[in-house]
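Naming convention: chains lettered A, B, ... in sequence-line order (proteins, then strands); numbering from 1 in each chain. Both backbone and side-chain heavy atoms feed into the values below; hydrogens, waters and symmetry mates do not.
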Protein chains: 2
Amino acid sequence: MLSKKTKYAIKALVVLGKNMDQPPMQISKIAELERIPKKFLEQILLDLRNAGFLYSKKGAGGGYSLNRDPKEIFLVSIMRITDGPIAMVPCASLNFYHKCDECHQESTCGIRDVFVDVRDATLKILSETSIADIIKRETTLISV
Amino acid sequence: MLSKKTKYAIKALVVLGKNMDQPPMQISKIAELERIPKKFLEQILLDLRNAGFLYSKKGAGGGYSLNRDPKEIFLVSIMRITDGPIAMVPCASLNFYHKCDECHQESTCGIRDVFVDVRDATLKILSETSIADIIKRETTLISV
DNA sequence: TATATAATCTATAATATTACTCGAAAAAAT
DNA sequence: ATTTTTTCGAGTAATATTATAGATTATATA
């Protein structure tokens, strides 16, 4: 399951992606729009900022805005910041690899072998889908 | 991440899949072979038994064996018993659907739309891969 | 029939993760 | 100065996961 943290992160980025030519938006505004607990969102946006996805400005008239083109922010990057690994087993993870406790021999593990395939299939979608794509999907879904 | 419960379940089924023409195997034997805490494995096997995948016999000479052809036991079914939903968001789940707390309008949610695709890709693999396939992959990996 | 074996059942403890909260400090605008 | 808003460090509450304990039931066999 996707953590709420990740879901909130994506939602916030989508809101900011729709706000590109506007002045920065405040945490409280995003929290209200998306029904996200404000203090929790605070932490999440800070993580995204420290990872370079967001620009922030303190003080009156401050807030958050995207630091990149929404077309260049992919779900996979967000998820790695907020949830960590994409793979379902640690031994199949590209960015967060570690050995399974009970594993006898990784190189011949059939379970790992399957979940490498699952990882690749998931990764393909998540690394092709950007914040801009999500926004586009929403408008497409509305018009259907 | 796959829970240990699921990983243990798959491992146990693989062991039993290799033990098809032998007398039933005891929990303690499986636990030892796969380094799984015995009492925990007990619960897991019981779940799998109640779901119809295992045959069990009490008393001396008792134990567990597969109730079906390993070719007919697919990962997706096991995972639904031990972990529940395959989808990463509840609103994209086929068997464990429920609405997201913060969702405004599900039908136009771009996040859901992407994670339905992820679910389908994952589901394809997990519902094509059986215990027999995992055993086959292991022997293939050994010979490489 | 007694004994040993092995699954079953119910409950609970230990640990980890997730989700969220608090309060104060720092930066910026007016 | 004062207000606004992000930043920072820490802490807590809720929930889920992983594991353990102990008694009970079923079966085989000597």
Side-chain angles (χ1 to χ4, degrees), chain A residues 1-12 16 23-32 34-51 53-67 79 81-85 88-90 96 98 100-102, chain B residues 1-9 11-12 16 19 23-32 34-51 53-67 79 81-85 88-90 96 98 100-102:
Chain A
M1 278 278 165
L2 217 63
S3 68
K4 292 210 171 186
K5 192 175 178 186
T6 296
K7 218 196 286 181
Y8 293 161
I10 300 173
K11 293 208 172 203
L16 294 175
M25 187 182 282
Q26 291 77 39
I27 298 177
S28 47
K29 176 75 180 172
I30 304 171
E32 188 193 338
E34 295 300 321
R35 299 179 195 166
I36 303 171
K38 194 194 154 198
K39 276 289 190 177
F40 193 23
L41 182 60
E42 216 175 274
Q43 291 179 347
I44 297 167
L45 294 179
L46 210 51
D47 285 347
L48 294 172
R49 189 206 100 107
N50 292 334
F53 292 95
L54 297 177
Y55 161 86
S56 70
K57 198 180 169 188
K58 288 180 179 178
Y64 276 101
S65 50
L66 292 192
N67 216 358
M79 288 178 62
I81 292 165
T82 50
D83 265 3
M88 297 183 81
V89 284
F96 298 86
H98 65 95
C100 297
D101 302 332
E102 0 63 52
Chain B
M1 278 280 166
L2 218 62
S3 68
K4 292 209 170 186
K5 194 175 175 186
T6 297
K7 219 195 287 182
Y8 294 161
K11 293 204 172 208
L16 294 175
N19 197 56
M25 187 182 284
Q26 293 78 40
I27 298 177
S28 47
K29 176 77 179 168
I30 304 171
E32 190 193 337
E34 295 301 321
R35 300 181 195 165
I36 302 171
K38 192 195 155 199
K39 276 290 188 176
F40 192 24
L41 182 59
E42 224 176 58
Q43 292 177 348
I44 296 167
L45 294 179
L46 210 50
D47 286 347
L48 294 171
R49 189 205 99 108
N50 291 335
F53 291 95
L54 297 177
Y55 161 84
S56 71
K57 199 179 171 188
K58 288 182 179 177
Y64 277 102
S65 50
L66 291 193
N67 217 357
M79 287 178 62
I81 293 165
T82 50
D83 265 3
M88 297 183 81
V89 284
F96 298 85
H98 65 97
C100 297
D101 302 331
E102 0 62 52

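- Closest approach of A:Leu54 and A:Tyr64 over heavy atoms only: CD1-CD2, 3.8 Å.
- The distance between atom OH of B:Tyr64 and atom C1' of D:dT27, rounded to the nearest whole Å, is 15 Å.
- Distance CD1 (B:Ile36) to C1' (D:dT17): 16 Å, rounded to an integer number of Å.
- In this structure, B:Pro37 and B:Asp83 both approach DNA chain D, and ranking their closest nucleotides by distance from the 5' end singles out B:Asp83.
- Where DNA chain D pairs in unbroken runs of 3 or more (Watson-Crick or G-U, both distances under 3.5 Å), the stems are C:1-30 with D:1-30.
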**Request:** Begin with the C-alpha distance, continue with both residues' side-chain angles, and end with the deciding distance and a verdict on side-chain contact (heavy atoms from CB on, under 4.5 Å) for B:Asn67 and B:Tyr55.
**Result:** CA-CA 5 Å; B:Asn67 217 357; B:Tyr55 161 84; 4.0 Å; yes
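- Spacing between atom CD1 of A:Ile30 and atom P of D:dT5 amounts to 12 Å, rounded to whole angstrom units.
- Within 4.0 Å (heavy atoms only), B:Lys38 reaches no atom of the nucleic acid at all.
- Legend: residues meeting side chain to side chain contact (heavy atoms under 4.5 Å, CB included) with A:Ala60, ordered by chain and number and at least two apart, are absent.
- Comparing A:Leu2 and B:Gly61 by the nucleotide of DNA chain C that holds the closest heavy atom to each, the one mapping nearer the 5' end is B:Gly61.
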Side-chain donor-acceptor contacts of residues 34-44 of chain A below 3.5 Å, not counting sequence neighbours, with atom names and distances?
from	atom 1	to	atom 2	distance (Å)
A:Lys39	NZ	A:Glu42	OE2	3.4

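- Interatomic distance, CG of A:Leu16 versus CG of A:Leu45, reported as 7.0 Å (0.5 Å rounding).
- Here the P atom of nucleotide D:dA19 and the CZ atom of B:Arg35 are 14 Å apart, to the nearest Å.
- Residues A:Pro90 and B:Met1 have side chains in contact (heavy-atom distance under 4.5 Å, counting atoms from C-beta outward).
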Please list, one pair per line, the donor and acceptor atoms closer than 3.5 Å that link side chains of residues 23-32 of chain B to other protein atoms, with sequence neighbours excluded.
from	atom 1	to	atom 2	distance (Å)
B:Gln26	NE2	B:Gly62	O	2.7

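- By the 4.5 Å heavy-atom criterion applied to side chains, B:Met88 and A:Thr6 are not counted as neighbours.
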Polar-atom pairs under 3.5 Å, protein N or O versus N or O of nucleotides 9-13 of chain D: list them with distances, or write none.
from	atom 1	to	atom 2	distance (Å)
D:dA10	N6	A:Gln43	NE2	3.1

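- Heavy atoms of A:Tyr8 sit under 4.0 angstrom from primed sugar atoms or phosphate atoms, though from no base atom.
- The backbone N or O of B:Ser3 lies less than 3.5 Å from a partner atom in the side chain of B:Asp83, making a donor-acceptor pair.
- Here chain A contacts DNA chain C (any atom closer than 4.0 Å to a heavy atom, that is under 4.0 Å), and the contacts span C:dA19 to C:dA29 from 5' to 3'.
- In this structure, A:Gln26 places its CD atom 9 Å from C1' of D:dT4, rounding to the nearest Å.
- Between B:Val89 and A:Lys7 the shortest heavy-atom distance is CG1-CE, 4.2 Å.
- Atom OH in A:Tyr55 sits roughly 10 Å away from atom P in D:dT7 (whole-Å rounding).
- Closest approach of A:Phe96 to A:Gly84, counting heavy atoms only: CE1-C, 3.4 Å.
- What separates CG of A:Leu46 from C1' of D:dT7 is a distance of 6 Å, to the nearest Å.
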